[in-house]
Colleague: 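Provided herewith is a single structure, encoded as structure tokens, for subsequent inquiry.
When a ligand or atom number is given, it counts from 1 through the structure's own listing order.
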Amino acid sequence: MRPEKLIHLADAAVAARRMAYAPYSGFAVGAAVATADGQLFTGCNVENASYGGCLCAERVAAAAAVAAGHRRWQALAIALPGGGTPCGICRQFLSEFAEDLLILAIDTDRPTAPPHRYQLQQLYPHGFSGRDLQAGPPKPPTP
Ligand code: THU
């Protein structure tokens, strides 16, 4: 992606963070996915009183892209304090659609610092995929 497009993507993730619903953790996260044809879909974390129901920003953005018919992506940006990387569930979720996605991590505590860049393959090597399901059913454990 061209540098100006990456800046636009990063800005969208920062803006989406303002919509975070995070009353339990107080930790707001924004995300934005750039599709193969250059559209942007954004997400924020959406928490729930039943904590297991919390959704991460990355999966909200990714699901919005899929729901709009966009399954091919160029890059995903996340914006969060400290500039951390997507959690394990999100890595698995993203790898379903883009095993080697470019990920930009924006530290909202350092808004002028350039985002860290990762490839999903680097963050999540040897993930589980549909290819593994085609290996056939697992053998039942021996008692
Ligand atoms: N969170 C995300 O949205 N993305 C991540 O990659 C890590 C964590 C959210 C989930 C929860 O609402 C809050 O941050 C604290 O974990």
Colleague: For the atom pair CG (Leu104) and CZ (Arg117), what is the distance rounded to the nearest 0.5 Å?
Modeller: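 So the gap between those two atoms works out to 6.0 Å.
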Colleague: Return the CD to CG distance between Gln92 and Leu120, rounded to the nearest 0.5 Å.
Modeller: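 Spacing of CD (Gln92) from CG (Leu120) equals 9.5 Å.
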Colleague: Give me each pair satisfying ring-ring contact (aromatic ring centres under 6.0 Å, His included) with a member in residues 87-128, each pair once, sequence neighbours excluded.
Modeller: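 Of all non-adjacent pairs touching residues 87-128, those that pass ring-ring contact (aromatic ring centres under 6.0 Å, His included) are Trp73-Phe97.
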Colleague: Answer with yes or no whether the hydrophobic clustering places Val66 together with Ile103; edges join I, L, V, M, F, W, Y residues whose side-chain heavy atoms lie under 4.5 Å apart.
Modeller: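 Same cluster: Val66 reaches Ile103 through Ile, Leu, Val, Met, Phe, Trp or Tyr contacts under 4.5 Å.
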Colleague: Would you please say whether a donor-acceptor pair under 3.5 Å links the side chains of Asn48 and Ser50?
Modeller: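 There is no such pair between these side chains.
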Colleague: Tell me: protein heavy atom nearest atom 9 (C) of ligand 1, and distance?
Modeller: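 For atom 9 (C) of ligand 1, the nearest protein heavy atom comes out as Asn45 ND2, 3.6 Å.
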Colleague: Which option, Glu58, Arg17, Arg91, Arg59, owns the non-hydrogen atom nearest atom 4 (N) of ligand 1?
Modeller: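 Answer by nearest heavy atom: Glu58.
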Colleague: Measure from the side-chain N and O atoms of Glu47 to the backbone N and O of Tyr24, and report whether any donor-acceptor pair falls under 3.5 Å.
Modeller: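 Answer holds: yes.
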Colleague: Students should be able to answer this: which protein heavy-atom is nearest to atom 16 (O) of ligand 1, and at what distance?
Modeller: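 Minimum-distance protein heavy atom for atom 16 (O) of ligand 1 reads Phe27 CD2, 4.8 Å.
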Colleague: May I ask you to list the atoms of ligand 1 that are less than 4.0 angstrom from any heavy atom of Pro86?
Modeller: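 Counting from 1, the qualifying ligand atoms are 6 (O).
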Colleague: Determine whether a donor-acceptor pair (N or O, by modelled atom type, separation under 3.5 Å) exists between the side chain of Arg17 and the backbone of Leu80.
Modeller: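 Side chain of Arg17 to backbone of Leu80, a donor-acceptor pair under 3.5 Å: no, none is there.
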Colleague: Does some non-hydrogen atom of Ala22 fall short of 4.0 Å from ligand 1?
Modeller: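 It does not, in that no heavy atom of Ala22 comes within the 4.0 Å cut-off of ligand 1.
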Colleague: Relative to atom 15 (C) of ligand 1, which among Gly43, Ser25, Pro23 owns the nearest non-hydrogen atom?
Modeller: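 Answer by nearest heavy atom: Ser25.
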Colleague: So for ligand 1, is Ala57 a polar contact partner (N or O within less than 3.5 Å, distance only)?
Modeller: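 Yes, Ala57 has an N/O under 3.5 Å of an N/O on ligand 1.
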Colleague: As an exercise, identify every atom of ligand 1 less than 4.0 angstrom from a heavy atom of Glu47.
Modeller: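 The atoms of ligand 1 under 4.0 Å from a heavy atom of Glu47 are 11 (C), 12 (O), 13 (C).
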Colleague: For ligand 1, which part of Cys56 has a heavy atom less than 4.0 Å away: the side chain, the backbone, both, or neither?
Modeller: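 Under 4.0 Å from ligand 1, Cys56 contributes backbone and side-chain atoms.
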Colleague: Is atom 12 (O) of ligand 1 touching the protein, meaning some protein heavy atom lies under 4.0 Å away?
Modeller: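 Given the 4.0 Å limit, the answer for atom 12 (O) of ligand 1 is yes, a protein heavy atom qualifies.
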